[in-house]
2 protein chains.
Amino acid sequence: MKTQPPAPGRPLDHPSRDQIRLEDVLHALADPLRLKIVHKLAVDCGGHACSDFDLPVSKSTTTHHFRVLRESGVIAQEYQGTSKVSELRREDLDALFPGLLDSVLAACGRRFAAADG
Amino acid sequence: MKTQPPAPGRPLDHPSRDQIRLEDVLHALADPLRLKIVHKLAVDCGGHACSDFDLPVSKSTTTHHFRVLRESGVIAQEYQGTSKVSELRREDLDALFPGLLDSVLAACGRRFAAADG
DNA sequence: AGCATACTACGATGATTGGCGAACTACGAA
DNA sequence: TTCGTAGTTCGCCAATCATCGTAGTATGCT
């Protein structure tokens, strides 16, 4: 029994632009691991599967962090085959909080400078 | 016997500029109450005693939030008589994370627009 | 169909957080 | 010295968080 939904794979709920709250975004960014994910999504732009990231935690923890990022509105995710591709919601974030993402990325760019790819 | 130190009252430890970490700052800002405090310190600049803020929590909780802000490097505090005066560490934050504070303040400025003084 | 890959869901757990009240300290005024 | 104001410290509690492992689902390949 198939329901053939519009997007490939199961649907994922994202907050709409006006549902994104500053505190949630700040909270999502206030974690080294998530900061690392966001940084990679920013510098190495385009979509990335969760498994593209070399995170020092288990798969279930990885899922958790990606969900926090998605539910706060920082990233958008979409299923593509067996993987789930994530990308930064740059436009939305820049529209809502101009300069925020840039300043955070600049700051963590200095920290992650040569640490990862 | 006075030693007339630069700062009156008991000493309070603050992180030095290079000890301030992005995650800590983001975490400190990721709370509505603390955001409100920071916003007031920004728009109504100069120092403010903790009791200057009309916070819907108890004194001990207030102490807690101010400590989080101070220990993360977002504010500086100094005793003046019986009260403790807080102010934003604008210079340090702007130097470390250019644009971060401005973007956060701009965003919460919209939210607190007419809500408080 | 069978199997591998990629991610999810579900507890469980230990740490942190945000909140409180009560008792305490520091300072300034009476 | 006594009192009031301002803030601190200390449990304590409920909620959230980051983490895990195990079991499960969806997809794609053979």
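Order of the sequence lines fixes the chain letters, A, B, ..., with proteins taken first and strands second; residue numbering starts at 1 for each chain. Note that the coordinates shown come from a computational prediction; the quantities given were computed from them, not determined experimentally.
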> A:Gln80 has an atom CD; how far is it from atom P of C:dC7, in whole Å?
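Rounded to whole Å, this separation is 11 Å.
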
> Rounded to whole Å, please give me the gap between NE2 in B:His64 and P in C:dG19.
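Rounded to the whole Å, the gap is 7 Å.
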
> For the side chain of B:Val57, counting heavy atoms from C-beta on, which of C:dC27, C:dC20, C:dC7 is nearest?
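Closest nucleotide to the B:Val57 side chain: C:dC20.
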
> Begin with the C-alpha distance, continue with both residues' side-chain angles, and end with the deciding distance and a verdict on side chain to side chain contact (heavy atoms under 4.5 Å, CB included) for A:His48 and A:Glu87.
CA-CA 7 Å; A:His48 285 274; A:Glu87 60 181 340; over 6 Å; no

> Counting only side-chain heavy atoms from C-beta out, which of D:dC10, C:dA9, C:dC7 sits nearest to A:Thr63?
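Nearest to the side-chain atoms of A:Thr63, counting from C-beta on, is C:dC7.
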
> As an exercise, state the distance from CG of A:Leu88 to CG of A:Leu101, rounded to the nearest 0.5 Å.
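Here the interatomic distance stands at 5.5 Å.
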
> Given D:dT19, C:dA6, D:dG7, identify the nucleotide with an atom nearest to the side chain of B:Ala49.
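The listed nucleotide nearest to B:Ala49's side chain is D:dG7.
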
> For A:Pro56 and for A:His27, find the nucleotide of DNA chain D with the closest heavy atom, then tell me which residue's nucleotide is more 5'.
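Its nearest nucleotide being more 5', the pick is A:His27.
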
> Report the distance from atom CG of B:Leu55 to atom C1' of C:dC20, rounded to the nearest whole Å.
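Rounded to whole Å, this separation is 15 Å.
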
> NA contact type, B:Thr61, heavy-atom cut-off 4.0 Å: base, sugar-phosphate, or nothing?
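Base, at least one base atom sits under 4.0 Å.
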
> At less than 4.0 Å, is any side-chain N or O atom of B:Tyr79 found next to OP1 or OP2 of D:dT8? Yes or no.
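Answer yes for this pair, as a side-chain N or O of B:Tyr79 is under 4.0 Å from OP1 or OP2.
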
> Looking at the base of D:dG7, is there any donor atom on it, or on the side chain of B:Lys84, that sits under 3.5 Å from an acceptor on the other one?
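By the distance-only test, no, there is no pair.
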
> Compare all side-chain heavy atoms of A:Val74 with those of A:Leu93 and state whether any distance is below 4.5 angstrom.
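In short, these two side chains touch, coming nearer than 4.5 Å.
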
> It should be established whether A:Ser60 places a side-chain nitrogen or oxygen under 4.0 Å from OP1 or OP2 of nucleotide C:dC7.
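Looking at the OP1 and OP2 atoms of C:dC7, neither is under 4.0 Å from any side-chain N or O of A:Ser60.
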
> Mind checking if B:Ser83 touches a base, just sugar-phosphate, or nothing, with heavy atoms under 4.0 Å?
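If one applies the 4.0 Å heavy-atom cut-off, B:Ser83 turns out to touch the sugar-phosphate alone, with no base involved.
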
> Considering only D:dA18, C:dG19, D:dG7, which nucleotide approaches the side chain of A:His65 most closely?
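From the listed options, D:dA18 comes nearest.
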
> For the pair made of NZ in B:Lys59 and P in D:dT9, what is the distance, rounded to whole Å?
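Those two atoms, NZ and P, are 13 Å apart.
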
> Do A:Thr61 and A:Ser58 meet the criterion of a side-chain donor-acceptor pair at a distance under 3.5 Å?
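Per modelled atom types, A:Thr61 and A:Ser58 side chains form a pair under 3.5 Å.
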
> Starting at atom CZ of B:Phe66, determine the distance to atom P of C:dT17, rounded to an integer number of angstrom.
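Distance, rounded to whole Å: 18 Å.
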
> Tell me the interatomic distance from A:Leu12, atom CG, to D:dT27, atom C1', rounded to whole angstroms.
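So the CG-C1' distance, A:Leu12 to D:dT27, works out to 15 Å.
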
> Looking at D:dC20, I'd like to know if its phosphate oxygens (OP1 or OP2) sit under 4.0 Å from a side-chain N or O belonging to A:Ser58.
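So the side-chain polar atoms of A:Ser58 do come within 4.0 Å of the phosphate oxygens OP1 or OP2 of D:dC20, strictly under.
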
> 5'-most contact on DNA chain D: B:Arg67 or A:Asp31, nearest heavy atom basis?
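With B:Arg67 and A:Asp31 compared, the 5'-side residue is B:Arg67.
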
> Rounded to the Å, how far apart are A:Glu23 CD and C:dG18 P?
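Going from A:Glu23 (CD) to C:dG18 (P), I get 12 Å.
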
> Heavy-atom distance under 4.5 Å between the side chains of A:Tyr79 and A:Leu12, does that happen here?
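They are in side-chain contact.
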
> Using atom CZ of A:Arg70 as one end and atom C1' of C:dC7 as the other, report the distance to the nearest whole Å.
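Between C1' of C:dC7 and CZ of A:Arg70: 11 Å.
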
